[in-house]
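A single structure is presented below for examination.
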Amino acid sequence: KQWYQRRVRGRVKRTHFMMTEDEHSNLPQILEKLHSILITTPQILSVSIIDSPNPLTAESQHLAISRKAFKRLGLFASEEFNKKLKEDDLDIVKLDKLSRVLAILNPDDSKFWNHRKRQFLKHPTSSLLKSELDLSATSLKLKPKSAEPFNHCRWLLGKNPNAITEQEMTSQLTMCETAAEAYAHNYYAWTYRLWLLNNFPQFISLNEELECSRKWLETHISQFSAMNYRFQLLRLIVENPPSEEISKNYDIKEERCRVFTSEVSLVSELVMFYPETESLWCYLKLLVMFCDHQTIDYVKHCKKKFSGLEKLDNRFALRFKETIIAANFF
């Protein structure tokens, strides 16, 4: 007998199932086939769990795993990995194979990723770096809110900052966007994207990111992680002006007023359309509290915009009014 866990009404329930000898004997072959697919198709576009008699189906960079095989293969691969890890004479090839498969089946377990980190340090080549980044992206196709693949990418790029190219940076940004689209409120995707922005600014255009985040904000109004990312973008744009503007007596206070005035206008309009969305109110509060209150033009603009919001009568509007009154903003 073997068992797997599933959460039922807040409690973990153990569900037992029998595995015949034939089914158990087929698991090594299924594992080999899955590993072969991951090797021959490093950039998989989607990974799905389906109800199918076939354990694995791969076509045109799309991978499907049957629900039955997924549960049993994950348990089998994890047990084999732990068993091999305890042996005195480590079978590195077998461990690498198992850890690659488990990165797809169970990406939340840091043990498999740590093994891959140790092996990467022995042979830190550019081709291996690319392979590890592709594996991390593939693991997020099935579980887009898993933290460990993002941590693995952060560790790899942190160890090899000079190895990243503009093409690879584009792939990393696409990976973040895909994960954020697949799972709402994906904190790990947006924090990793912000880490890329802070550590590799030479590959990322702030203005392009600002426009991209604006489009995202307009279609994902409840995702505060994306709003926080946009807020950090605004701060970077204000605090890191182009060199030609510095030579023209760049005034950071005036630039801050211009940038945040435009942002307050955008968010205020969204609040009018979606008054029951708490994340928009929180973002608006963040914008108000950050900007320099001594900027008269900014205060006048906020007063004008907030006069329209006073017509709204809900708990978020009341909390917002209490906040700006308590902060003596006006």
Exercise. So does Y188 have more than 12 non-hydrogen atoms from other groups sitting under 6.0 Å from OH?
Worked result: no
Problem set entry | Euclidean distance, L63 CG relative to L45 CG, rounded to 0.5 Å |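 So the gap between those two atoms works out to 11.0 Å.
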Exercise. Within a strict 4.5 Å, meaning less than it, do heavy atoms of the N151 and R154 side chains meet?
Worked result: yes
For this session: Applying side-chain contact (heavy atoms from CB on, under 4.5 Å), run through N228 and W190 and close with a yes or a no.
Result: CA-CA 9 Å; N228 181 65; W190 289 106; over 6 Å; no
For this session: Check whether any side-chain heavy atom of D109 sits under 4.5 Å from a side-chain heavy atom of F81, and report yes or no.
Result: no
Exercise. Under the 3.5 angstrom rule, does the side chain of T219 hit a backbone N or O of W216 as a donor-acceptor pair?
Worked result: yes
For this session: Could you walk me through whether R214 and E211 pass the salt bridge (charged side-chain N to carboxylate O under 4.0 Å, His left out) test, one step at a time?
Result: CA-CA 5 Å; R214 183 190 66 80; E211 178 62 19; 2.6 Å; yes
For this session: Please tell me if the side chains of P107 and E148 come closer than 4.5 Å, counting only heavy atoms from C-beta onward.
Result: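 SC-SC contact between P107 and E148 ruled out.
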For this session: Kindly indicate, with the supporting measurements, whether the criterion side-chain contact (heavy atoms from CB on, under 4.5 Å) is fulfilled by F150 and M175.
Result: CA-CA 10 Å; F150 289 112; M175 179 186 76; 4.0 Å; yes
Exercise. Are the charged groups of E80 and K97 less than 4.0 angstrom apart, N to O?
Worked result: no
For this session: For atom CZ of F231, decide whether the heavy atoms of other residues, nucleotides or ligands shown that lie under 6.0 angstrom number more than 12.
Result: yes
Exercise. Hey, does the side chain of W281 reach the backbone of P275 with a donor-acceptor pair shorter than 3.5 angstrom?
Worked result: yes
Problem set entry | Student check: side-chain heavy atoms of L196 and F203 closer than 4.5 Å |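 SC-SC contact between L196 and F203 ruled out.
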Exercise. Ion pair present between R100 and D96, side-chain N to carboxylate O less than 4.0 angstrom?
Worked result: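 A salt bridge is absent here (no side-chain N lies under 4.0 Å from a carboxylate O).
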For this session: Might you confirm whether atom CD of E166 has over 12 heavy atoms from other residues, nucleotides or ligands at distances under 6.0 Å?
Result: no
Problem set entry | Spatial distance of atom CD (Q172) from atom OG1 (T174) [nearest 0.5 Å] | 9.0 Å
Problem set entry | Q167 atom CD, over 12 foreign heavy atoms within 6.0 Å |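 12 or below, so no.
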Exercise. What's the verdict on side-chain contact (heavy atoms from CB on, under 4.5 Å) for L140 and T178, showing C-alpha distance, side-chain angles and the deciding distance?
Worked result: CA-CA 9 Å; L140 289 169; T178 303; over 6 Å; no
Exercise. Heavy-atom distance under 4.5 Å between the side chains of N82 and K111, does that happen here?
Worked result: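 A side-chain contact exists here, since the closest heavy-atom pair is under 4.5 Å.
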Exercise. Does the side chain of N186 come within less than 4.5 Å of P144's, by heavy atoms?
Worked result: yes
Exercise. Looking at NZ of K94 and NZ of K83, how far apart are the two atoms once the value is rounded to the nearest 0.5 Å?
Worked result: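 Those atoms lie 10.0 Å apart.
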Exercise. Below 4.5 Å, heavy atoms only, C-beta onward: do S78 and L102 meet side chain to side chain?
Worked result: yes
